[in-house]
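Start at 1 with the first residue, then count along the sequence.
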Amino acid sequence: MESLTLKVGSLLVAAFLAFVAAAFAVDTGFAIHMWIVVAAALIATFVIANKTDFAALARFGAVRPDQSRYDDDPVRWGVIATIFWGMAGFLAGLYIALQLTFPALNLNFEYTTFGRLRPLHTSAVIFAFGGNALIATSFYIVQRTCRARLAFPGLARFVFWGYQLFIVLAATGYLLGITQSKEYAEPEWYVDLWLTIVWVAYAAVFIGTIAKRKEPHIYVANWFFLAFIITIAMLHIVNNLAVPVSIFGSKSYPAFAGVQDALTQWWYGHNAVGFFLTAGFLAMMYYFVPKQAERPVYSYRLSIIHFWSLIFLYIWAGPHHLHYTALPDWAQTLGMVFSVMLWMPSWGGMINGLMTLNGAWDKIRTDPIIRMMVMALAFYGMSTFEGPMMSIRAVNSLSHYTDWTIGHVHSGALGWNGMITFAAIYFLVPRLWARERLYSLRMVNWHFWLSTVGIVLYAASMWVAGIMQGLMWREYGADGYLVYAFSEVTSAMHPMYLIRAAGGALYLAGAAIMVYNVWQTIAGKTRDEKAMTDTPHDPEKDRPIVASTTVPAE
């Protein structure tokens, strides 16, 4: 009873303070955000006071799993949030791709312009879709590999809901024009402070669970999750150091200026890619690939070498984003050298993941989830070769500021991060909702092919557009003037933009199939369907032998 009173009292105090801040707000955007906080606090108060069982709602009538072993309610919520925000982010991405193709879609309305929707798309895909996937899978994996329940169950629930509030504040802020104009770090000072609180709670839950483990060994996936959590906290705090103009306003000024600010931003920006989109998802790979393949990691020693070399090298690579700028040449060279060195540990991890399938390669024909994992590793290897290559000054002089960079980023994000997340969702859903198997494996296969073709169209069109862009920008005539006007370059890229939009539409269609498949699985339905192609036949009964999709005991 005391705990309930404390929670409700804290929420009411938070609602009152947010109400006061809204009343004294010096700009409309800040006032709207404070009203959102008021609404969130009051809704949370109502839910807690009425003891609403959201865990039961998330299970949709499934048999309640044995809670004496693992606390999976936040994981279920995280899976649903991952799918929801993923669809929102993919849809926003397709719309802004169409805006670049058909500018009239900006609608001459400030809230729907490319400049407002572009950061909405990137944050929705990276932090909402990717962040929820990382939080959910880390809570799932750390419990299984440590043989221990989450250390602070109440705090784990705060992490989930607090992170959703961060996403809502950030997304609405972009539409309202509230931004500090830093790539991957657009939210203003008060949203950054809230995320810091949530992230510290996340670290406490994860590290606390490891501390109470019953398994003496810390599995390599947890090392990657630890690196991701700790490094992102450091990057977030340093890059977002700022002085607000008013505690009742959204505007702030960064602590750094000029080239120091640029260096700090790209130290953050590149390592957000390195630790949020790489280290965290590698943790997912090191757990889900062996589990789905039913094979041990190919080389545990290689996984440890992969970990230590990756986290040491990645942190130095940021300056390669600032070639040919006011940044000193030695710093640019440092970033380039460490970027090239990153190729080796990255490919070591890719090879380790692929070789885990030794003795199970036949599953690629019959298991589309394994197929997704293999494709994710292939795109991880390709992106981690292309990235170091693009950091070399001679290549960067052609590629930088062009759509080649866009193609590179999306081949990694859609191919590596997207595919491994989809595979993890397909792995988790039957287990979390106590279902015998997925609703449909053939729908997973459709999802795989739609996503793969979509990624190829997207990346290939941007590679062509980017290289063409770079070559046309640097073309000088005999008189020493540029040959092509900006409008001519833009016009030449129009067909490539159409192809990119088509690729994005295919990727979105694959994700929509996943939504239906997951929904039906949670509802307890199974689809009566033919076996996957290329399945061996039983010569006596002349019928396909389908690999079992029954979920083994954890």
Side-chain angles (χ1 to χ4, degrees), residues 89-125 174-175 177 179 181-184 186 262 265-266 269 320-326 386-387 389-414 454-508:
F90 302 152
L91 186 61
L94 176 60
Y95 189 75
I96 62 174
L98 289 169
Q99 283 184 324
L100 291 175
T101 313
F102 306 106
L105 289 175
N106 282 265
L107 305 178
N108 291 324
F109 187 51
E110 62 178 321
Y111 303 112
T112 58
T113 57
F114 179 86
R116 298 282 177 96
L117 293 180
R118 189 264 176 182
L120 177 71
H121 160 63
T122 53
S123 287
V125 173
Y174 302 149
L175 295 178
T179 171
S181 304
K182 290 189 173 186
E183 185 75 347
Y184 310 138
E186 286 93 347
Q265 159 58 30
W266 283 111
H320 78 230
H321 288 266
L322 298 169
H323 283 323
Y324 304 102
T325 67
E386 185 183 28
M389 179 185 70
M390 293 172 72
S391 75
I392 299 170
R393 274 200 184 92
V395 180
N396 194 267
S397 66
L398 175 67
S399 72
H400 207 34
Y401 306 117
T402 72
D403 286 335
W404 185 356
T405 303
I406 309 302
H408 164 65
V409 168
H410 282 80
S411 67
L414 302 179
I455 296 166
V456 170
L457 288 176
Y458 192 116
S461 63
M462 290 299 96
W463 289 333
V464 172
I467 294 172
M468 176 174 66
Q469 215 175 0
L471 291 173
M472 292 178 77
W473 282 350
R474 60 164 60 177
E475 183 70 21
Y476 287 89
D479 55 0
Y481 288 93
L482 288 171
V483 172
Y484 299 103
F486 182 82
S487 58
E488 292 176 295
V489 179
T490 304
S491 177
M493 293 188 299
H494 188 262
M496 299 301 107
Y497 282 8
L498 283 171
I499 295 171
R500 170 174 63 180
L506 289 176
Y507 198 86
L508 178 64

Indicate the atoms forming the closest heavy-atom contact of [X] with [Y], along with that distance.
| X | Y | result |
| --- | --- | --- |
| Ser411 | Glu386 | OG-OE1, 3.9 Å |
| Arg500 | Ala97 | NE-CB, 4.2 Å |
| Pro119 | Tyr174 | O-CE1, 3.5 Å |
| His121 | Gly89 | ND1-O, 2.9 Å |
| Leu98 | Ala501 | CD2-CB, 3.7 Å |
| Trp473 | His400 | CZ3-O, 4.4 Å |

**Q.** Chi angles and distances behind the side chain to side chain contact (heavy atoms under 4.5 Å, CB included) call for His494, Phe102
**A.** CA-CA 9 Å; His494 188 262; Phe102 306 106; 4.3 Å; yes
For the atom pair [atom1] ([X]) and [atom2] ([Y]), what is the distance rounded to the nearest 0.5 Å?
| X | Y | atom1 | atom2 | answer |
| --- | --- | --- | --- | --- |
| Leu175 | Tyr111 | CG | OH | 9.5 Å |
| Arg118 | Glu186 | CZ | CD | 7.0 Å |
| Leu100 | Leu498 | CG | CG | 11.5 Å |
| Ile96 | Thr113 | CD1 | OG1 | 11.0 Å |
| Thr402 | Met390 | OG1 | CE | 6.5 Å |
| Ile406 | Ser461 | CD1 | OG | 11.0 Å |

(Q) Is there a side chain to side chain contact (heavy atoms under 4.5 Å, CB included) between Ser397 and Arg474? Walk through the geometry before answering. (A) CA-CA 10 Å; Ser397 66; Arg474 60 164 60 177; 3.1 Å; yes
Q | Option from Tyr507, Tyr458, Trp463, Phe90 for which ring pair (Phe, Tyr, Trp, His ring centres under 6.0 Å) with His410 holds | A | Tyr458
Q) Just checking, any donor-acceptor pair under 3.5 angstrom between side chains of Asn396 and Tyr324? A) no
Q) Once the angle between the rings of His323 and His320 is folded into 0 to 90°, is it parallel (under 30°), tilted (30 to 60°) or perpendicular (over 60°)? A) tilted
Does any N or O in the side chain of [X] come within less than 3.5 Å of the main-chain N or O of [Y], such that one atom is a donor and the other an acceptor?
| X | Y | result |
| --- | --- | --- |
| Gln265 | Glu183 | yes |
| Gln469 | Asp403 | yes |
| Gln99 | Thr112 | yes |

Q. Could you walk me through whether Tyr95 and Leu120 pass the side chain to side chain contact (heavy atoms under 4.5 Å, CB included) check?
A. CA-CA 11 Å; Tyr95 189 75; Leu120 177 71; over 6 Å; no
Q | Test log, rule side chain to side chain contact (heavy atoms under 4.5 Å, CB included), inputs Val483 and Tyr476 | A | CA-CA 5 Å; Val483 172; Tyr476 287 89; 5.6 Å; no
